[in-house]
Amino acid sequence: ATWRPVGDHAKIAAKPDLDWMRKVASAPDTVVMFGVGWYRRDGEGYSRHNGHWVDVVGVGEGDTQFLVHNPAIKAADQARKRTISLGKLDGFARLDSQRKPHDMSGYYAVKGPGLPFGAKTTAVLDAVMAFTVSM
(Lines give C-alpha, C1' and ligand atoms only; values in the text may rest on other atoms or scores of the structure.)
Protein backbone atom coordinates (compact mmCIF):
# COMPACT_ATOMS: atom_id res chain seq x y z
CA ALA A 1 0.00 0.00 0.00
CA THR A 2 1.60 3.22 -1.10
CA TRP A 3 1.23 6.47 -2.99
CA ARG A 4 4.60 5.79 -4.63
CA PRO A 5 4.77 4.22 -8.11
CA VAL A 6 5.57 0.49 -8.18
CA GLY A 7 5.86 -2.08 -10.94
CA ASP A 8 2.88 -3.84 -12.50
CA HIS A 9 3.75 -7.08 -10.68
CA ALA A 10 2.76 -5.69 -7.27
CA LYS A 11 -0.75 -5.66 -5.85
CA ILE A 12 -1.22 -2.30 -4.20
CA ALA A 13 -3.86 -0.28 -2.45
CA ALA A 14 -3.76 3.49 -2.53
CA LYS A 15 -3.63 3.89 1.26
CA PRO A 16 -2.47 1.68 4.08
CA ASP A 17 -5.40 0.17 6.00
CA LEU A 18 -4.94 -0.18 9.77
CA ASP A 19 -7.00 -3.38 10.11
CA TRP A 20 -5.11 -5.04 7.25
CA MET A 21 -1.74 -3.95 8.69
CA ARG A 22 -2.59 -5.41 12.11
CA LYS A 23 -3.83 -8.64 10.49
CA VAL A 24 -0.70 -9.22 8.41
CA ALA A 25 1.62 -8.15 11.26
CA SER A 26 0.02 -10.88 13.41
CA ALA A 27 0.08 -13.61 10.76
CA PRO A 28 2.67 -16.39 10.96
CA ASP A 29 5.19 -16.68 8.12
CA THR A 30 4.46 -13.12 6.98
CA VAL A 31 7.06 -10.40 6.62
CA VAL A 32 5.89 -6.79 6.97
CA MET A 33 7.91 -3.65 6.39
CA PHE A 34 6.94 -0.03 6.90
CA GLY A 35 8.44 2.58 4.60
CA VAL A 36 8.50 5.89 6.44
CA GLY A 37 9.13 9.22 4.75
CA TRP A 38 10.67 12.22 6.52
CA TYR A 39 8.73 15.37 5.63
CA ARG A 40 9.44 19.03 6.35
CA ARG A 41 7.10 21.98 6.16
CA ASP A 42 7.67 23.69 2.83
CA GLY A 43 5.39 26.63 2.05
CA GLU A 44 1.86 25.34 1.40
CA GLY A 45 2.69 21.70 2.12
CA TYR A 46 5.36 19.22 3.09
CA SER A 47 8.27 18.01 0.99
CA ARG A 48 9.86 14.59 1.43
CA HIS A 49 13.48 14.66 2.58
CA ASN A 50 14.50 11.02 2.65
CA GLY A 51 12.99 7.91 4.19
CA HIS A 52 13.67 4.74 6.11
CA TRP A 53 12.36 1.16 6.21
CA VAL A 54 11.66 -0.69 9.47
CA ASP A 55 10.70 -4.32 10.00
CA VAL A 56 7.36 -4.88 11.73
CA VAL A 57 7.74 -7.70 14.25
CA GLY A 58 4.28 -7.64 15.85
CA VAL A 59 1.36 -5.59 17.04
CA GLY A 60 1.39 -3.57 20.23
CA GLU A 61 -1.16 -3.30 23.00
CA GLY A 62 -2.96 -0.26 21.60
CA ASP A 63 -5.09 -0.35 18.44
CA THR A 64 -2.60 1.80 16.54
CA GLN A 65 0.61 0.45 18.06
CA PHE A 66 3.16 -1.78 16.31
CA LEU A 67 6.40 -3.40 17.40
CA VAL A 68 9.28 -2.75 15.04
CA HIS A 69 12.93 -3.53 14.54
CA ASN A 70 14.66 -0.39 13.39
CA PRO A 71 18.15 -1.12 12.01
CA ALA A 72 19.15 2.49 12.73
CA ILE A 73 18.83 1.96 16.50
CA LYS A 74 21.78 0.47 18.36
CA ALA A 75 21.33 -3.22 19.22
CA ALA A 76 21.60 -2.48 22.96
CA ASP A 77 18.60 -0.11 22.70
CA GLN A 78 16.34 -2.31 20.53
CA ALA A 79 14.40 -3.86 23.45
CA ARG A 80 13.51 -0.43 24.88
CA LYS A 81 12.91 1.39 21.60
CA ARG A 82 10.66 -0.88 19.59
CA THR A 83 7.17 0.63 19.64
CA ILE A 84 5.58 3.04 17.23
CA SER A 85 2.06 4.43 17.03
CA LEU A 86 0.15 5.52 13.96
CA GLY A 87 -2.16 8.52 13.83
CA LYS A 88 -4.34 9.47 10.84
CA LEU A 89 -3.25 12.53 8.93
CA ASP A 90 -5.71 15.30 8.17
CA GLY A 91 -4.90 18.45 6.23
CA PHE A 92 -1.44 17.21 5.24
CA ALA A 93 -0.37 17.98 1.67
CA ARG A 94 2.66 16.24 0.16
CA LEU A 95 4.41 18.35 -2.48
CA ASP A 96 5.70 16.50 -5.54
CA SER A 97 8.82 17.45 -7.49
CA GLN A 98 6.83 20.12 -9.40
CA ARG A 99 5.55 21.46 -6.04
CA LYS A 100 2.02 20.27 -6.81
CA PRO A 101 0.18 19.38 -3.56
CA HIS A 102 -1.29 15.91 -2.98
CA ASP A 103 -3.71 15.35 -0.12
CA MET A 104 -2.39 12.72 2.31
CA SER A 105 -5.53 12.56 4.46
CA GLY A 106 -6.09 8.95 5.47
CA TYR A 107 -2.38 8.14 5.56
CA TYR A 108 -0.63 7.87 8.93
CA ALA A 109 1.86 9.91 10.91
CA VAL A 110 4.35 7.73 12.79
CA LYS A 111 5.56 8.45 16.33
CA GLY A 112 7.31 6.58 19.10
CA PRO A 113 10.69 5.51 20.44
CA GLY A 114 11.04 2.87 17.71
CA LEU A 115 11.39 5.61 15.12
CA PRO A 116 13.40 8.56 16.43
CA PHE A 117 13.70 11.53 14.09
CA GLY A 118 14.46 15.23 14.17
CA ALA A 119 12.13 17.80 15.72
CA LYS A 120 11.71 19.65 12.40
CA THR A 121 10.58 16.48 10.62
CA THR A 122 7.22 14.73 10.38
CA ALA A 123 7.36 10.96 9.87
CA VAL A 124 4.68 9.62 7.49
CA LEU A 125 3.90 6.01 6.65
CA ASP A 126 4.56 6.17 2.90
CA ALA A 127 4.40 2.45 2.16
CA VAL A 128 3.57 -0.93 3.65
CA MET A 129 5.01 -4.06 2.11
CA ALA A 130 3.84 -7.52 3.20
CA PHE A 131 4.61 -10.92 1.79
CA THR A 132 4.25 -14.51 2.91
CA VAL A 133 7.24 -16.77 3.22
CA SER A 134 6.61 -20.30 1.98
CA MET A 135 8.92 -23.26 1.76
Side-chain angles (χ1 to χ4, degrees):
T2 183
W3 61 264
R4 303 180 81 178
V6 296
D8 294 337
H9 62 280
K11 180 180 179 184
I12 65 167
K15 296 179 183 178
D17 176 73
L18 186 60
D19 292 334
W20 173 77
M21 289 186 285
R22 291 186 65 80
K23 179 181 174 182
V24 296
S26 300
D29 301 323
T30 300
V31 176
V32 181
M33 297 172 64
F34 284 173
V36 179
W38 309 125
Y39 290 82
R40 291 188 196 138
R41 187 77 162 138
D42 187 3
E44 298 298 313
Y46 291 81
S47 57
R48 191 173 189 277
H49 291 269
N50 215 334
H52 182 64
W53 287 92
V54 296
D55 303 321
V56 180
V57 297
V59 295
E61 294 177 13
D63 291 343
T64 63
Q65 193 176 66
F66 290 85
L67 306 176
V68 298
H69 175 266
N70 184 346
I73 294 177
K74 293 178 184 177
D77 294 334
Q78 285 290 337
R80 291 184 304 107
K81 297 180 177 181
R82 65 183 195 144
T83 59
I84 61 166
S85 294
L86 304 180
K88 280 242 177 143
L89 290 172
D90 187 27
F92 187 97
R94 172 185 56 83
L95 300 175
D96 64 20
S97 59
Q98 284 78 42
R99 303 201 44 82
K100 180 181 175 186
H102 298 271
D103 183 19
M104 295 287 285
S105 295
Y107 282 84
Y108 294 91
V110 184
K111 295 182 180 180
L115 193 69
F117 55 94
K120 295 180 181 181
T121 307
T122 300
V124 175
L125 185 61
D126 278 341
V128 179
M129 187 169 32
F131 52 96
T132 301
V133 178
S134 61
M135 306 249 185

Going by heavy atoms in the side chains, are Ser105 and Leu89 under 4.5 Å from each other? no

Please name all residues satisfying salt bridge (Lys or Arg N to Asp or Glu O under 4.0 Å) with Asp42, sequence neighbours left out, ordered by chain then number. Arg99

If you group Ile, Leu, Val, Met, Phe, Trp and Tyr by side-chain heavy-atom gaps below 4.5 Å, do Val24 and Phe34 land in one group? yes

Applying side chain to side chain donor-acceptor pair (under 3.5 Å) to Asn50 and not counting sequence neighbours gives none

Correct closest heavy-atom pair for Ala25 and Val59 would be CB-CG1, 3.9 Å

Under a 4.5 Å cut-off applied to non-hydrogen side-chain atoms, are Val110 and Leu86 in contact? yes

Give, for atom OG of Ser85 and atom CD of Glu61, the distance between the pair rounded to the nearest 0.5 Å. 11.0 Å

Could you grab the distance from atom CE of Met33 to atom CZ of Phe131, nearest 0.5 Å is fine? 7.0 Å

Just jot down the ring-ring contact (aromatic ring centres under 6.0 Å, His included) partners of Phe92, sequence neighbours excluded, or say none. Tyr39, Tyr46

Measure the NE2-OG1 distance between His49 and Thr122 for me, rounded to the nearest 0.5 Å. 10.5 Å

Would you please test Asp126 and Arg94 for salt bridge (charged side-chain N to carboxylate O under 4.0 Å, His left out) and show each step? CA-CA 11 Å; Asp126 278 341; Arg94 172 185 56 83; over 6 Å; no

By salt bridge (Lys or Arg N to Asp or Glu O under 4.0 Å), Asp55 pairs with (sequence neighbours left out) none

For Val68, side-chain contact (heavy atoms from CB on, under 4.5 Å) partners two or more places apart: Val54, Val56, Ile84

I need the minimum non-hydrogen distance between Ile73 and Gly114, along with the two atoms involved. CD1-O, 3.7 Å

Taking all non-hydrogen atoms of both residues, which atom of Ala127 and which atom of Trp53 are closest, and how far apart? CB-CH2, 3.9 Å

If hydrophobic residues (ILVMFWY) are linked whenever their side-chain heavy atoms come closer than 4.5 Å, directly or via other members, who joins Leu67 in its cluster? Val57

Pairs flagged by side-chain hydrogen bond (donor to acceptor under 3.5 Å, both in side chains) wherever residues 65-76 is involved - sequence neighbours left out: His52-Asn70

Going by the rule ring-ring contact (aromatic ring centres under 6.0 Å, His included), which residues pair with Tyr108 if we only count those two or more places apart in sequence or in a different chain? none

Return the set of residues passing side chain to side chain donor-acceptor pair (under 3.5 Å) with Asp96 (not counting sequence neighbours), or none when no residue passes. His102

Any pair with a residue in residues 22-41 that passes salt bridge (charged side-chain N to carboxylate O under 4.0 Å, His left out), sequence neighbours left out, goes on the list, sorted by first then second residue, please. none

